[in-house]
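These notes are about the structure you will find just below.
These figures come from a predicted structure and were not determined experimentally. First listed ligand is number 1; within each ligand, the first listed atom is number 1.
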Amino acid sequence: MKMDSRLILALDETDVPKALHVLDEVCGIIDAVKINWPLILSAGPEIITTLSQKADVICDFKIADIPNTDRLIIEQSVKRGASGVIVHAFTGTDSLKECVSAAGGRDVFVVTEMSHPGGQEFTAKHAEEFAAMAAECGASGLIAPATRPERIKKIKESAPGLLILSPGVGAQGGSASNAVLNGADYVIVGRSIYGSSDPKDAAQKLADEIKALRF
Ligand code: NUP
């Protein structure tokens, strides 16, 4: 995945023509597009291939199963053009190792502490352990909350070599600058871009905000 704007679009728009239009508008600004069940269920899995012709596609399936099922899901995602997948860590080391192996060099990003308030109930208690385990299993990076930037710093300390992708900017209350200043390598932004009346302008403003931090 390239590292130019450090902005990843979360394309949870379920109106498929609108989703494609938004991606066309912001394609030149973002470093990757992340898709989740809402768009997959609306458009069908072939949307992975369609989008992969325009940008790197991260499949945010939050995979959380036994190793064999994890492998089957990741193989299908990669076959359709995914350049990365997002997986849960609570399933344990064997599942996570299988995810990395099945991805065959594509990026595996591991959820640590989730960005919504409920993320503090369970995931926060194990976030540092999840991060260390992700590093041990050969994952590329971590998902850590832009809504709690101080936690990004802590989580990064547990797995210094891994990329940090931070969702929770905008609609969930987090700020792109605060996330990056606390160690996020990329921010993931959905509604504040695809829900905007001018997605291109919204994406450009976020890219400019990050660039102003002088990378
Ligand atoms: O902890 C997480 N928080 C989160 O919001 C892990 C995620 N993968 N996400 C995803 O990021 C969420 O499912 C959505 O696709 C995106 C954030 O979207 P928005 O709040 O910017 O609209």
Nearest 0.5 Å, what's the CD-CD1 distance between Glu150 and Ile155? 9.5 Å
At a 4.0 Å threshold, what atoms of ligand 1 neighbour a non-hydrogen atom of Lys62? 6 (C), 7 (C), 8 (N), 13 (O)
Can we say Arg151 and Glu128 salt-bridge, meaning some charged N sits less than 4.0 Å from an Asp/Glu carboxylate O? yes
List ligand 1 atoms under 4.0 Å from Arg191, heavy atoms only on the residue side. 19 (P), 20 (O), 21 (O), 22 (O)
State the atoms of ligand 1, each with its element, that fall below the 4.0 Å cut-off from a heavy-atom position in Asn36. 13 (O), 15 (O)
What part of Met114, side chain, backbone, both or neither, has a heavy atom within less than 4.0 angstrom of ligand 1? both
Close approach of Asp12 to ligand 1, heavy atoms, under 4.0 angstrom: yes
Residue-ligand contact His116/ligand 1, heavy atom below 4.0 Å: no
So, are Asp24 and Lys54 salt-bridged, with charged N and O less than 4.0 Å apart? yes
For ligand 1, is there an N or O atom under 3.5 Å from any N or O atom of Tyr194? no
Any non-hydrogen atom of Asp60 lying under 4.0 Å from ligand 1? yes
Testing the basics here: between Ile8 and Val33, what is the closest heavy-atom pair and its distance to 0.1 Å? CG2-C, 4.4 Å
So, Asp65 and Arg71, do they make that salt bridge, N to O below 4.0 Å? no
Which ligand 1 atoms does Pro167 reach within 4.0 Å, using its non-hydrogen atoms? 2 (C), 3 (N), 4 (C), 5 (O), 6 (C), 7 (C), 9 (N), 11 (O)
Rounded distance (nearest 0.5 Å) linking atom CD of Glu25 with atom OG of Ser196: 10.0 Å
